*Asks:* 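One structure is given below, represented as structure tokens, and several questions about it will come after.
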Number of protein chains: 4
Amino acid sequence: MDDDSHENVVPGSDESLDTPDVHGYEFRDGVDFQELLASYATTGFQATALAEAIDIAERMQEADATTYLTCTSNIVSSGLREVVAALVREGYVDVLITTSGALTEDVIKTQKPFKMGSWNADEAALREQGINRLGNIFVPSNRYVWLEEYLYDFFDDFFAEEKTRTPTAFARELGATLDDENSVLKQASDNDVPVYCPALTDAEVGNFLYYYRQSYDPDVDIALLDDYETLIEGGMDADTTGLIAVGDGVPKHHAIMTNLFRGGADYAVYISTGMEGDGSLSGAPPTEAVSWGKIKADERNYTQIQAEATLVFPLLVASAFFEN
Amino acid sequence: MDDDSHENVVPGSDESLDTPDVHGYEFRDGVDFQELLASYATTGFQATALAEAIDIAERMQEADATTYLTCTSNIVSSGLREVVAALVREGYVDVLITTSGALTEDVIKTQKPFKMGSWNADEAALREQGINRLGNIFVPSNRYVWLEEYLYDFFDDFFAEEKTRTPTAFARELGATLDDENSVLKQASDNDVPVYCPALTDAEVGNFLYYYRQSYDPDVDIALLDDYETLIEGGMDADTTGLIAVGDGVPKHHAIMTNLFRGGADYAVYISTGMEGDGSLSGAPPTEAVSWGKIKADERNYTQIQAEATLVFPLLVASAFFEN
Amino acid sequence: MDDDSHENVVPGSDESLDTPDVHGYEFRDGVDFQELLASYATTGFQATALAEAIDIAERMQEADATTYLTCTSNIVSSGLREVVAALVREGYVDVLITTSGALTEDVIKTQKPFKMGSWNADEAALREQGINRLGNIFVPSNRYVWLEEYLYDFFDDFFAEEKTRTPTAFARELGATLDDENSVLKQASDNDVPVYCPALTDAEVGNFLYYYRQSYDPDVDIALLDDYETLIEGGMDADTTGLIAVGDGVPKHHAIMTNLFRGGADYAVYISTGMEGDGSLSGAPPTEAVSWGKIKADERNYTQIQAEATLVFPLLVASAFFEN
Amino acid sequence: MDDDSHENVVPGSDESLDTPDVHGYEFRDGVDFQELLASYATTGFQATALAEAIDIAERMQEADATTYLTCTSNIVSSGLREVVAALVREGYVDVLITTSGALTEDVIKTQKPFKMGSWNADEAALREQGINRLGNIFVPSNRYVWLEEYLYDFFDDFFAEEKTRTPTAFARELGATLDDENSVLKQASDNDVPVYCPALTDAEVGNFLYYYRQSYDPDVDIALLDDYETLIEGGMDADTTGLIAVGDGVPKHHAIMTNLFRGGADYAVYISTGMEGDGSLSGAPPTEAVSWGKIKADERNYTQIQAEATLVFPLLVASAFFEN
Ligand SMILES: NC(=O)c1ccc[n+]([C@@H]2O[C@H](COP(=O)([O-])OP(=O)(O)OC[C@H]3O[C@@H](n4cnc5c(N)ncnc54)[C@H](O)[C@@H]3O)[C@@H](O)[C@H]2O)c1
Ligand SMILES: NC(=O)c1ccc[n+]([C@@H]2O[C@H](COP(=O)([O-])OP(=O)(O)OC[C@H]3O[C@@H](n4cnc5c(N)ncnc54)[C@H](O)[C@@H]3O)[C@@H](O)[C@H]2O)c1
């Protein structure tokens with residue numbers, strides 16, 4: 001067997017490779033979930049990224065890193081709300097950064113649940129029934145009617161002394177009014193974890209603030225720069241920082257941008273469905289942030305899991321934080 | 001030929017279907033680009049969505065709709081900056097909504113270009129050279145050194161009379177200082193197009209505001225509610241509204257959320273790389289917004305093109321706005 | 001609080017919704033992984049799809065369905081090879097359908113492991129070293145040198161009596177020569193599970209068959225129709241069928257297409273990264289197959305998990321097959 | 001302005017960068033589509049990939065490269081069928097590689113069109129009406145009833161002399177019976193362009209071959225190795241090769257795999273919606289093929305456009321093949 005075409009084969013050996021063998025879980029004697037997750041390290045593709053993320057999150061804790069958890073609003077729409085609340089409750093989070101829908105939906109859920117729905121629905125018909133669709137989750141509109149009244153009462157107190165407040169003050173004081181151990185805001189409030197939310201107007205909070213100004217007090221306002229200062233300086237004061245970004249958008253960027261001031265985050269885990277090829281911040285992998293100095297250039301300390309968060313975030317939390 | 005398995009075939013005919021035949025461009029006599037794009041209507045898959053988007057954008061103009069253009073920051077990082085500026089310049093945009101990076105990068109580009117780069121780079125090495133990667137675009141750090149000085153000068157004027165300002169005021173007054181016909185901010189300023197940007201802190205603007213407060217004036221601030229009010233009321237006052245969302249995130253949501261107050265946008269075109277299955281606002285198609293009353297329930301009037309925007313937005317703009 | 005804009009709110013209640021509340025895992029007393037996975041049912045987004053998939057796979061077993069497992073080649077490149085082998089070993093699979101790379105890589109792994117690698121590599125340099133990259137897995141070229149010799153020996157026997165053979169015969173007889181309990185082909189051979197692979201030429205098997213014909217026997221050949229007949233008739237003879245598609249492409253289509261002859265598969269679980277909007281077979285959700293009669297129209301019996309398989313297939317297998 | 005945090009800024013300049021400035025189309029005097037597409041080179045993100053693809057396809061022609069066009073079946077389902085036929089008709093294609101659905105659907109369309117449909121449909125209802133959904137395209141089942149009769153007649157001739165035939169013979173002889181200038185198979189037949197289709201059974205062709213063997217002739221068969229030999233040797237004989245992969249899967253791999261025998265394709269353009277992070281062949285960018293020696297290691301000669309093909313393939317064809 002010898003011909004020209006074979007010349008194109010370069011018979012490389014593995015002598016140069018000292019990496020582990022690719023090998024998965026064998027299911028020999030039932031299932032040991034911890035071992036199953038451990039096998040992800042050598043399963044390849046995204047399983048390996050999840051194993052890396054677990055390892056990084058464990059090392060973040062060992063290093064006593066100031067931990068930033070960022071999430072998009074839909075994370076709180078979903079059952080990941082309880083997972084985020086648990087992390088905050090147990091003291092694993094130092095800074096929370098999110099978007100406005102997360103706040104309103106967390107408050108609603110303290111009183112009225114969201115309901116399982118379906119992706120395929122007749123949306124015009126849903127509209128008639130007053131049911132809002134959020135992926136495969138249904139949110140009846142009466143939730144927002146309730147929220148409106150609740151927030152007006154809250155605003156009366158919130159703006160009583162000062163007319164211009166910050167998003168962190170909003171989250172902290174609102175959280176203090178809540179009575180639900182599964183509430184992210186309540187846990188954050190109880191555990192002194194600041195909740196940053198620069199685009200606070202971009203959800204029902206904004207809408208009800210608009211109405212509140214129309215009907216009760218035209219002078220109330222939300223201002224941003226005190227929060228930004230605290231966030232930056234918290235990062236500069238920290239010995240070590242680590243971030244876990246569940247979803248992308250403004251929250252993720254806010255965390256890495258303010259870590260720039262300290263020369264980059266020491267640890268970073270992204271869970272993302274973003275598309276790198278669109279040039280977006282949301283799709284940009286941790287390496288892009290390294291070029292900007294937003295994450296430090298030690299590749300053992302950052303990774304990205306390309307996955308929808310509900311599938312993998314509970315596993316990451318279970319393995320890295322709640323087992324031992 | 002007759003057997004049991006054939007019973008499972010239902011020999012439907014097309015009598016019930018009065019839709020066009022699927023048929024693409026034949027390239028018979030060279031290329032007529034307008035006809036080629038017209039053929040997208042019957043090409044199927046996303047080509048059909050682009051054809052629908054062109055049709056909707058044309059009908060938005062005929063209906064004299066108040067037009068919202070929303071874009072993410074990376075749109076301005078890319079060469080779509082010039083396309084957005086052209087739309088504003090020619091009076092096709094009434095309201096712009098974006099995120100903070102769009103503003104800083106538009107200003108930088110009035111003086112110093114961004115450079116073509118590549119996706120695969122050694123980011124740690126780039127970091128050493130002071131080159132920031134943004135997808136396949138490279139941004140040397142000296143751009144931000146220049147911007148910092150420029151903004152400090154601007155801030156002196158901007159905060160001279162009032163210490164607390166809004167994002168729209170920031171964009172309008174900053175735009176007025178610029179000297180570049182391809183600048184989005186300058187065109188917006190010249191054409192009285194408000195630029196909304198609730199998360200104004202989340203980019204270098206925020207960083208330089210932080211430094212400015214440290215070094216020059218600790219009392220300056222950015223407040224959000226006046227802008228939100230104007231945005232909502234502009235929507236309520238409009239007879240007809242239409243929106244074109246180039247990318248997703250906060251800008252898209254800001255446009256549809258404030259259209260809720262008027263019972264939904266009349267027309268909507270999304271260009272998105274979002275994944276519907278992650279339950280995100282970014283991945284949610286127009287139908288989801290219909291259930292919330294953010295877009296009106298006439299399915300001929302909304303569509304989504306699943307595509308990276310640089311590929312299709314110039315074609316949409318060319319066909320719907322700049323031809324004939 | 002009363003104004004025009006409020007007229008646009010339809011205050012729907014949840015009386016009409018009898019679905020479960022959205023609620024996630026609370027991490028109250030450490031971690032019980034079975035309960036954690038059970039909580040996915042009410043977590044929303046893709047977690048709910050994984051919970052549905054587990055439920056469907058359990059009901060497939062209760063119904064004693066003839067079970068088709070389809071997978072793409074990279075599944076066997078990864079550590080999911082051991083998971084597939086385990087399912088076959090324990091008798092949970094009746095029909096395997098895959099593509100050609102799965103066969104060659106399974107054979108190589110009986111002797112020489114694949115190695116963990118990385119996504120970002122200098123591919124021209126790898127080429128010089130004779131290391132092939134497959135995602136974040138590295139495959140030194142000497143594996144293929146070994147395989148070539150192994151297959152020539154095998155071909156001598158395989159084609160000794162008949163010059164024209166089928167892909168299932170190839171897989172069965174090759175599997176019988178292997179000595180590795182983690183081999184998919186060996187387990188399939190030992191457990192009389194046919195392995196269908198219509199595009200058998202499209203990998204190194206094809207290449208070595210080409211050389212074999214050049215050097216040893218120009219008359220050997222691979223023919224397809226006997227296999228297609230057996231596959232179709234196996235489906236028609238089955239009382240109930242169910243399929244689990246790990247990845248898409250030809251294997252998934254082969255399973256649903258041949259289930260058409262019996263009026264559709266009774267159960268179907270897809271694990272896919274495909275994009276619905278590209279109109280591909282790979283991206284098409286189970287509902288599209290319902291319109292063709294390839295899957296039966298009972299929506300409780302099919303689902304799709306939008307995820308990279310290494311993340312979720314081991315969990316599905318653990319919960320639905322190896323726990324009780 | 002001077003503090004610690006500034007130390008983290010590395011003020012890189014652009015002296016080291018001799019790449020073009022990022023700059024898009026300005027829409028100054030209406031629209032010149034050729035200039036608009038030319039501006040994609042400096043627009044960034046995927047627009048730049050499209051510009052690269054056009055450049056590579058032009059250089060492939062200048063180099064007189066043997067051109068492989070590969071496509072998935074849904075490309076022929078869509079209006080891209082006419083685009084592929086045009087390329088073949090004008091002599092721009094030397095080798096076509098596809099999957100089985102492309103063949104059946106091309107034949108149907110010579111007599112009966114596919115119809116525009118919609119993504120959201122009640123599939124169980126469609127099933128009752130005998131309408132099959134294929135993305136946003138509807139295919140009434142009577143098309144397949146017609147095709148069945150047509151193919152039985154064809155099979156009588158096709159298998160008259162030899163009982164075992166190849167996919168390329170099937171495509172060539174079938175194409176010769178067709179009467180439609182927009183038919184891919186007819187153009188391929190008329191222009192002596194071989195159509196490779198290893199998984200020929202995996203569509204209605206396979207189904208009707210199954211019935212044909214049941215009812216008319218149990219001995220007919222399809223064999224693969226002659227085709228694979230011709231495909232490999234065609235590549236080895238070529239001075240220069242280039243490939244354009246429209247969609248992924250078996251067709252793309254078949255082209256790059258057989259180019260391995262000659263040391264890699266000289267030019268390659270991929271149009272793909274695949275996800276790199278799933279480790280699939282479909283998602284693997286050209287660089288991965290470089291490590292295997294399937295594409296030559298000159299990065300100016302390959303690119304990938306991350307896009308749904310109906311959006312960009314007509315533009316690529318227009319610019320690179322049908323202009324000037
Ligand atoms: N429930 C809601 O989603 C909701 C409700 C009210 C208001 N809003 C507003 O909409 C705006 C945009 O929302 P956003 O900025 O929170 O994020 P987003 O929903 O726009 O998502 C941003 C990105 O995060 C990633 N992502 C999102 N969900 C993910 C998941 N499940 N798994 C992995 N990655 C995921 C994707 O890359 C996505 O493009 C915000 O201002 C928000 O307040 C949202
Ligand atoms: N019309 C049909 O799609 C059809 C009809 C009958 C049979 N089949 C059979 O189904 C099997 C699988 O189909 P396939 O192998 O042709 O490909 P596929 O539909 O499975 O697609 C393979 C990959 O190609 C890429 N792709 C597909 N469409 C794209 C697009 N529009 N733009 C960009 N990228 C795209 C994606 O990465 C996708 O995962 C084949 O055996 C085929 O014969 C398909």
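None of these values were measured; they are calculated from a predicted model. Protein chains get the first letters and strands the later ones, always in sequence-line order, with residue 1 at the start of each.
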*Asks:* Report which part of C:E299 has an atom under 4.5 Å of a heavy atom belonging to chain D: side chain, backbone, both, or neither.
*Replies:*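 No part of C:E299 comes within 4.5 Å of chain D.
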*Asks:* Among C:H253, C:K296, C:E308, which residue forms the greatest number of heavy-atom pairs with chain D at distances under 4.5 Å?
*Replies:*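 Among the listed options, the one with the most contacts to chain D is C:H253.
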*Asks:* Which one, D:A199, D:P285, D:G274, leads in non-hydrogen pairs under 4.5 Å with chain C?
*Replies:*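 With the most close heavy-atom pairs to chain C, the winner is D:A199.
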*Asks:* Contact part of D:E204 toward chain C, heavy-atom cut-off under 4.5 Å: side chain, backbone, both or neither?
*Replies:*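 When you check distances to chain C, atoms from both the backbone and side chain of D:E204 fall under 4.5 Å.
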*Asks:* Determine the option with the most heavy-atom pairs under 4.5 angstrom with chain D, choosing from C:I137, C:N207, C:L200.
*Replies:*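 Sorted descending by pairs with chain D, the first entry is C:N207.
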*Asks:* With a 4.5 angstrom heavy-atom cut-off, is it the side chain or the backbone of C:D226 that approaches chain D, or both, or neither?
*Replies:*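 It is both, since atoms from each part get that close.
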*Asks:* Name all residues meeting the side chain to side chain contact (heavy atoms under 4.5 Å, CB included) criterion together with C:D122; count only those two or more places apart in sequence or in a different chain, and write none if there are none.
*Replies:*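 In terms of side chain to side chain contact (heavy atoms under 4.5 Å, CB included), with neighbours along the sequence ignored, C:D122 is linked to C:A124, C:A125.
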*Asks:* Side chain, backbone, both or neither: which part of C:T164 has a non-hydrogen atom closer than 4.5 Å to chain D?
*Replies:*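 Answer is neither: C:T164 stays 4.5 Å or more from chain D.
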*Asks:* Which answer fits C:R133, side chain, backbone, both or neither, if we ask what part of it has an atom under 4.5 Å from a heavy atom of chain D?
*Replies:*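 Interface part for C:R133: both.
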*Asks:* Heavy-atom pairs under 4.5 Å with chain D are the metric here; pick the option from C:V139, C:L224, C:L134 that has the most.
*Replies:*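 Between C:V139, C:L224, C:L134, the count favours C:L224.
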*Asks:* Assess, by modelled atom type and distance only, whether the side chains of D:D202 and C:Y228 contain a donor and an acceptor separated by less than 3.5 Å.
*Replies:*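 No, no side-chain donor-acceptor contact under 3.5 Å.
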*Asks:* Checking C:E123 side chain against D:A289 main chain: does a donor-acceptor pair fall under 3.5 Å?
*Replies:*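 Such a contact is absent between C:E123 side chain and D:A289 backbone.
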*Asks:* Could you tell me the separation between the CD atom of D:E229 and the OH atom of C:Y211, rounded to the nearest 0.5 Å?
*Replies:*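 Nearest 0.5 Å value for the CD-OH distance: 12.5 Å.
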*Asks:* If we define contacts as heavy-atom pairs under 4.5 Å, which of D:L281, D:L126, D:I222 has the most with chain C?
*Replies:*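 Option with the greatest count: D:I222.
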*Asks:* Rounded to the nearest 0.5 Å, what separation is found between the OG atom of D:S291 and the CZ atom of C:F138?
*Replies:*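 Here the rounded value is 8.0 Å.
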*Asks:* How many angstroms lie between atom OG1 of D:T273 and atom CD of C:E276, to the nearest 0.5 angstrom?
*Replies:*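 D:T273 atom OG1 to C:E276 atom CD measures 12.0 Å (nearest 0.5 Å).
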*Asks:* At a 4.5 Å cut-off on heavy atoms, which part of C:I232 comes close to chain D: side chain, backbone, both, or neither?
*Replies:*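 C:I232 touches chain D through side-chain heavy atoms alone.
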*Asks:* Which value, rounded to the nearest 0.5 Å, describes the distance between C:W119 atom CH2 and D:T287 atom OG1?
*Replies:*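 Reported to 0.5 Å precision, the distance equals 11.0 Å.
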*Asks:* I'd like to know which of D:D278, D:V290, D:T310 tops the heavy-atom pair count under 4.5 Å against chain C.
*Replies:*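 So the answer, after comparing D:D278, D:V290, D:T310, is D:D278.
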*Asks:* Only counting residues at least two apart or in another chain, list the ones meeting side chain to side chain contact (heavy atoms under 4.5 Å, CB included) with C:Q306.
*Replies:*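 Counting only residues at least two positions away or on another chain, C:Q306 forms a side chain to side chain contact (heavy atoms under 4.5 Å, CB included) with B:M275, C:Q46, C:Q304.
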*Asks:* D:T168: which residues meet the side-chain hydrogen bond (donor to acceptor under 3.5 Å, both in side chains) condition with it, sequence neighbours left out?
*Replies:*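 Listed in chain order: D:T166, D:D227.
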*Asks:* So which residues of residues 70-81 of chain C are in contact with chain D at a heavy-atom cut-off of under 4.5 Å?
*Replies:*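 Heavy-atom contacts from residues 70-81 of chain C to chain D are C:N74.
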*Asks:* Parallel, tilted or perpendicular: which describes the rings of C:F261 and D:Y210, with under 30° parallel and over 60° perpendicular?
*Replies:*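 The rings of C:F261 and D:Y210 stand perpendicular, inter-plane angle above 60°.
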*Asks:* Do you know the tightest heavy-atom contact between D:T201 and C:P198?
*Replies:*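 Distance-wise, the nearest heavy atoms are OG1-CB, 3.8 Å.
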*Asks:* So which of D:G247, D:G277, D:G135 has the largest heavy-atom pair count under 4.5 angstrom toward chain C?
*Replies:*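 Most pairs with chain C among the choices: D:G277.
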*Asks:* Give, as side chain, backbone, both or neither, the part of C:A223 having an atom under 4.5 angstrom from any heavy atom of chain D.
*Replies:*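 For C:A223, backbone and side chain are both near chain D.
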*Asks:* Quick one: does any side-chain atom of C:D221 pair with a main-chain N or O of D:L225 as donor and acceptor, under 3.5 Å?
*Replies:*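 Yes, C:D221 side chain to D:L225 backbone: donor-acceptor pair under 3.5 Å.
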*Asks:* Taking side chain as C-beta onward, heavy atoms only, is C:Q214 less than 4.5 Å from D:E233?
*Replies:*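 Sidechains of D:E233 and C:Q214: in contact.
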*Asks:* Mind ranking C:P218, C:G206, C:A121 by heavy-atom pairs under 4.5 Å with chain D and telling me who comes out on top?
*Replies:*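 Greatest number of close heavy-atom pairs with chain D: C:G206.
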